[in-house]
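Accompanying notes for the structure given below.
Each chain gets a letter, A, B and so on, in the order its sequence line appears, and its residues count up from 1. These values consider heavy atoms only, across backbone and side chains, with no hydrogens, waters or symmetry-generated copies. Keep in mind it's a predicted model, so treat the numbers as computed, not measured.
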Number of protein chains: 2
Amino acid sequence: MTSSRATIRDVAAAAGVSPTTVSFVLNDTPGQAIPEATRHRVRSAVAQLGYTPHRIARALREGSSRLVLLRAGPLRGSASMASLIAGMDEELRRHGHALIVTYGTVEAERELLEAVAPRTVLDLVRIYGSGDSPQGDGGDVDGLEAHAAVQLGHLLELGHRSIAVALPADPSFEPLSSLRRRQLEAAAARAGATAIPIIIPREPSGAALALARLRAEHPRATAIAAFNDDVAFVVLAAMHAAGLSAPDDLAVVGFDEGEHAALWNPPLSSLRIDAAEFGRRAARRALGLDTGAWQRPPSQVVRRATT
Amino acid sequence: MTSSRATIRDVAAAAGVSPTTVSFVLNDTPGQAIPEATRHRVRSAVAQLGYTPHRIARALREGSSRLVLLRAGPLRGSASMASLIAGMDEELRRHGHALIVTYGTVEAERELLEAVAPRTVLDLVRIYGSGDSPQGDGGDVDGLEAHAAVQLGHLLELGHRSIAVALPADPSFEPLSSLRRRQLEAAAARAGATAIPIIIPREPSGAALALARLRAEHPRATAIAAFNDDVAFVVLAAMHAAGLSAPDDLAVVGFDEGEHAALWNPPLSSLRIDAAEFGRRAARRALGLDTGAWQRPPSQVVRRATT
DNA sequence: CTGAAAGCGCTTACAG
DNA sequence: CTGAAAGCGCTTACAG
């Protein structure tokens, strides 16, 4: 017995109708008046034969696959990626689409695009950075801006008024790091506080220098809001080397809490982001669906030893 | 001017031949005696029209895409993944294939498989865990086993003879963690040393308990070979809490060095793995190509403060 | 040495 | 209410 997969013709034969009718029933094609009895016969045949449409054939016919490609870019390793992807994947699947995440180079992507012919290509930095509500509305914004406000809010509540914003030196984080800087500066200004951008290189010597300069030029700075946990770790290492400790000399808070924050010595306070809802919304938008009422993205600072 | 993409018929028309001939030339179909002059005409037309074969149509005809799907599984976040993927991607691309890496759930994968119809599905744990040379040949093995031997060798060279093997408690690391345990036990036995497997939970209290038990039951143990950097970090945190320090009380070495090893307090010695060559070989094997002479996978311990 | 024809499995005007 | 036919863009027996 050869068990090659059932085709739409097999279903048609089993249901005593034409492939056309099967297609109409399966796709709920609008404008067709097919009686419930016929629909039922078709569905039974589908179930019985275990028929599932051939996606490649459909893609050839329709011009593209029911697939969405998500370009992770520099956000690749970020902690909230997992929840974002999970949310997006779930929502996409609910609407018959599958998600492909790409981490690779530009050349590799060209091949991939040709091979899978996705319906949509999403750029994570773009969607995460911009959100879909009007910009500059004074607070009820989404995506990264809201998260940045929560991170800063933690420091503000603790009484800090002069706050350094620690950005990575690695240029591959652009345009994300500039965006963050602007968001934090705006949020600080709204609260009557000061944000001081500083660049933190990964190498210990460079980091030490950046830290020393901050201390010298801005002696009133009492806290550091880091671009992400990794930058916070570099800052913490530089502070340790300089005989400084958190939060006494400088409070430090991370962003997009990863699994190392709690393990670090000292344990790092950081912003925990659940991006699942954000992923779901991005998926709906990509499919041209209504995104519904917006809820603030859930994020909160988990306070540990460094603030 | 409509710029819909060129098809094989357009190329055929431009070259004054049939689509059949174009296909034969483009695919170097064996057994066809096409004169160089004709081939040249075809290639010129291809270049002039910027023709590139429609991958979906080809996939429908051939039954599968020229695509390889790599299942990352629990190795998802591992540091050597990036180099492995880069090597695999490069080699695949050289042979007209593209790589898709999947991190998702089983349900999501089903959809994806249907949608892209990959030529091959690779399971990273399986290929990484087993390698392709005969097992148990006493050293000239590849993949994880060779790496484990290098990690242990570092401790052996430093004079350690009773070495704990710190494994994660998370069951999702199976069967990888059992495999590693066996590899390390075998390598230790060959060197006349002892390997002591211990399970390290992620929670501080559990980790502290595991550490205390090790100290009590195996007072002669002087070193710990960790399953990966994360386990090493948990161990280091537990040691710090217990007032122990590395390497004086216990030497600690990580595995598959990530970006946090150097930043940690204290800086962690760890095994650095370059898996690009491994990825290239796995790609060749997946395509049914000769894998060539094997070279030991490059890995080395970067020594820092903990050993 | 080269081409007409069939067919991969769908969807969708079009006709009745 | 339903179906025959065309066609998405390829590849590959088959025939000459």
How long is the line joining [atom1] of [X] and [atom2] of [N], in whole Å?
X	N	atom1	atom2	result
B:Arg5	D:dG9	CZ	C1'	9 Å
A:Arg9	C:dC8	CZ	P	8 Å
B:Arg66	D:dG9	CZ	C1'	14 Å
B:Arg61	D:dG7	CZ	C1'	16 Å
B:Leu60	C:dT11	CG	P	12 Å
B:Ile56	C:dT11	CD1	P	14 Å
A:Arg39	D:dC1	CZ	P	10 Å
B:Glu62	C:dA6	CD	C1'	17 Å

Heavy-atom contacts under 4.0 Å between residues 24-31 of chain B and DNA chain D, which residues?
B:Phe24, B:Asn27

Quick test of your reading of the model: are [X] and [Y] salt-bridged, counting only N-O distances below 4.0 Å?
X	Y	answer
A:Arg94	A:Asp89	no
A:Arg66	B:Glu111	no
A:Glu90	A:Arg93	no
B:Arg119	B:Glu62	yes

Which of C:dT11, C:dC10, D:dG3 is nearest the side chain of A:His54? It is C:dC10

B:Pro35 side-chain proximity, nearest of C:dC1, C:dG9, C:dT11
C:dC1

Within a radius of less than 6.0 Å around NE2 of B:His95, do more than 12 heavy atoms belonging to other residues, nucleotides or ligands occur?
yes

DNA chain C: 5'-proximal contact among A:Gln32 and A:Ile8 (nearest heavy atom)
A:Ile8

Residue mapping more 5' on DNA chain C - nearest nucleotide basis, A:Thr52 or B:Arg41
B:Arg41

Check every strand shown and say whether [X] touches a base, only sugar-phosphate, or nothing at a heavy-atom separation below 4.0 Å.
X	result
A:Ile34	sugar-phosphate
A:Arg58	sugar-phosphate
A:Thr21	sugar-phosphate

Is it true that the NZ or CZ of A:Arg180 lies under 6.0 Å from the centre of A:Phe255's six-membered ring and within 45 degrees of the ring axis?
yes

Please check the phosphate of C:dT2 (OP1 and OP2 only) for any side-chain N or O of B:Thr38 closer than 4.0 Å.
yes

What about A:Thr20, does its side chain sit under 3.5 Å from the base of C:dT12 through a donor-acceptor pair?
yes

I'd like to know if B:Ser18 reaches the base of C:dA4 with its side chain such that a donor and an acceptor end up less than 3.5 angstrom apart.
no

Nucleotide opposite C:dA15 in a Watson-Crick or G-U pair, distances under 3.5 Å
D:dT2

Quick check: do A:Arg71 and A:Val121 have side-chain heavy atoms less than 4.5 Å from each other?
yes

Rounded to the nearest 0.5 Å, what's the gap from CG on B:Leu112 to CG on A:Leu99? Could you check?
8.5 Å

